[in-house]
**Student:** 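Next up is a structure, given as structure tokens.
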Amino acid sequence: MNQPINYKNLLVIALMLAGCASSYLEKDKRQIIAKNEVRQRLPENAALFDISNFGEDTLTTLGAAHPLIRYTIDFHYQDSTGNIVQKKGTVLFTPDGSSLIKTEITDRNPGSE
């Protein structure tokens with residue numbers, strides 16, 4: 001016996017899947033923004049940029065109702081003299097992830113990978 005398709009249930013499932021997909025797309029978008037922010041702060045003559053570690057977590061601050069989103073990026077590049085330079089980038093986003101707050105580049109201990 002053929003049963004008619006319940007379009008209402010199909011629509012609800014489609015909407016749920018679309019909602020999940022958009023949150024992944026937002027996360028991917030933030031990751032790309034974070035990588036680009038770090039890369040833009042490299043010296044003009046930097047070559048062979050490569051990411052060795054990429055992490056996302058939340059940063060709770062006193063008095064804030066919602067935690068900030070933090071990306072940490074361990075990376076290295078070759079400078080104009082041919083030396084490999086190892087750095088760590090930290091990129092902070094607002095709690096909703098829609099705006100960039102701060103980007104910071106610091107030295108990284110070579111043995112910390």
Side-chain angles (χ1 to χ4, degrees):
M1 173 182 233
N2 291 338
Q3 292 185 359
I5 296 174
N6 186 340
Y7 289 105
K8 185 177 181 181
N9 289 342
L10 187 60
L11 179 63
V12 169
I13 292 170
L15 289 173
M16 286 174 37
L17 291 175
C20 292
S22 74
S23 70
Y24 285 114
L25 291 175
E26 288 300 315
K27 183 177 178 178
D28 289 347
K29 183 178 162 184
R30 281 193 308 271
Q31 288 177 354
I32 292 168
I33 291 169
K35 181 191 73 108
N36 289 341
E37 280 292 315
V38 165
R39 193 165 196 170
Q40 288 174 0
R41 285 170 169 67
L42 297 181
E44 251 184 65
N45 52 6
L48 304 175
F49 173 78
D50 192 30
I51 295 173
S52 57
N53 190 25
F54 198 103
E56 176 187 6
D57 64 346
T58 55
L59 181 63
T60 305
T61 58
L62 292 176
H66 302 286
L68 301 175
I69 300 170
R70 175 175 58 186
Y71 286 92
T72 53
I73 304 168
D74 291 339
F75 65 94
H76 58 269
Y77 64 91
Q78 186 177 21
D79 68 11
S80 61
T81 63
N83 293 320
I84 299 297
V85 179
Q86 297 188 25
K87 298 282 186 176
K88 180 177 194 150
T90 303
V91 183
L92 294 178
F93 288 87
T94 56
D96 65 359
S98 64
S99 299
L100 181 90
I101 296 173
K102 179 181 177 182
T103 303
E104 182 176 289
I105 307 291
T106 57
D107 290 331
R108 181 169 54 104
N109 182 357
S112 66
E113 289 185 45

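Everything numeric in this text was worked out from a predicted model, so none of it was measured.
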**Student:** Test your reading of the model: is there a side-chain donor-acceptor pair from S99 to the backbone of T94, 3.5 Å cut-off?
**Tutor:**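 No; judged by distance alone, with no hydrogens or angles, the pair does not exist.
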
**Student:** Output the distance between atom CG (L92) and atom CD1 (I101), rounded to the nearest 0.5 Å.
**Tutor:** 6.0 Å

**Student:** Write down the atom of H76, the atom of Q86, and the distance for their closest heavy-atom approach.
**Tutor:** CB-CG, 4.0 Å

**Student:** Linking I/L/V/M/F/W/Y whenever their side-chain heavy atoms sit closer than 4.5 Å, directly or via other members, would I84 and I51 fall into one cluster?
**Tutor:**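 In one cluster: no.
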
**Student:** Over all heavy atoms of both residues, which pair between F54 and A34 is shortest? Give the atoms and the distance, please.
**Tutor:** CZ-CB, 4.4 Å

**Student:** State, with a plain yes or no, whether a side-chain heavy atom of D79 is found less than 4.5 Å away from one of N45.
**Tutor:** no

**Student:** Within a strict 4.5 Å, meaning less than it, do heavy atoms of the I69 and E56 side chains meet?
**Tutor:** yes

**Student:** If you measure from OG1 on T90 to CG on L59, what distance do you get to the nearest 0.5 Å?
**Tutor:**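 Between T90 OG1 and L59 CG, I get 9.5 Å after rounding to 0.5 Å.
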
**Student:** Below 4.5 Å, heavy atoms only, C-beta onward: do L48 and Y77 meet side chain to side chain?
**Tutor:**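 L48 does not reach Y77 side chain to side chain.
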
**Student:** Could you state the interatomic distance from CD (E104) to OG1 (T72), rounded to the nearest 0.5 Å?
**Tutor:** 12.0 Å

**Student:** Are I73 and L100 connected in the hydrophobic side-chain network, where two residues link if heavy atoms are under 4.5 Å apart?
**Tutor:** yes

**Student:** What I want to find out is whether D107 reaches K87 closely enough, with some N-O distance under 4.0 Å, to be called a salt bridge.
**Tutor:** yes

**Student:** Do P95 and L68 make a side-chain contact, defined as non-hydrogen atoms from C-beta onward lying under 4.5 Å apart?
**Tutor:** yes

**Student:** Do V91 and V38 have side chains that get closer than 4.5 Å, going by heavy atoms?
**Tutor:** yes

**Student:** Below 4.0 angstrom, N of the basic side chain to O of the carboxylate: do E26 and R30 qualify?
**Tutor:**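 Not counted as a salt bridge, because no side-chain N and carboxylate O are separated by less than 4.0 Å.
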
**Student:** Run through K35, R39, R41 and flag the one making a salt bridge (charged side-chain N to carboxylate O under 4.0 Å, His left out) with E37.
**Tutor:** R41

**Student:** To the nearest 0.5 Å, tell me how far F49 CZ sits from Q78 CD.
**Tutor:**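 One gets 14.0 Å once the value is rounded to the nearest 0.5 Å.
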
**Student:** If you take all heavy atoms of Q31 and Y71, which pair is closest and at what distance?
**Tutor:** CG-CE2, 3.5 Å

